[in-house]
Amino acid sequence: MQAYHLACARDDAARRKLSVPSGVWVCDHCDEALLELHALREHVRTRHAYI
């Protein structure tokens, strides 16, 4: 069983020098979740350009 050494997963990851996303972006058109803003922009540009 694993447990966090600090208060939360984000703090624990920072202590271990791991990069974690600061948020989750969700497409308004299809509810697909993406971890980076540029990925969301690319998703909207390529999948929902007709909207």
Side-chain angles (χ1 to χ4, degrees):
M1 178 179 214
Q2 289 185 324
Y4 299 130
H5 295 283
L6 299 176
C8 70
R10 187 172 310 284
D11 290 344
D12 200 54
R15 179 177 174 254
R16 297 170 190 251
K17 300 191 183 339
L18 297 172
S19 177
V20 293
S22 60
V24 176
W25 301 88
V26 178
C27 178
D28 288 336
H29 306 291
C30 68
D31 294 331
E32 182 169 338
L34 300 116
L35 297 178
E36 298 177 349
L37 180 58
H38 79 276
L40 173 65
R41 289 180 177 152
E42 182 67 13
H43 166 81
V44 171
R45 185 183 70 77
T46 59
R47 300 233 180 129
H48 305 294
Y50 57 89
I51 294 175

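Below, all heavy atoms of this structure are taken into account, side chains as well, without hydrogens, waters or symmetry copies.
The aromatic rings of His43 and His48 sit perpendicular to each other, their planes meeting at more than 60°, with 30° as the lower class boundary.
Residues Val26 and Leu40 approach most closely at C-CD1, 4.3 Å, considering heavy atoms.
With rounding to the nearest 0.5 angstrom, the CD atom of Glu42 is 12.0 Å from the CD atom of Glu36. The structure places CG of Leu34 at 11.0 Å from CH2 of Trp25, a figure rounded to the nearest 0.5 Å.
In this structure Glu32 satisfies the salt bridge (charged side-chain N to carboxylate O under 4.0 Å, His left out) test together with Arg47, sequence neighbours excluded.
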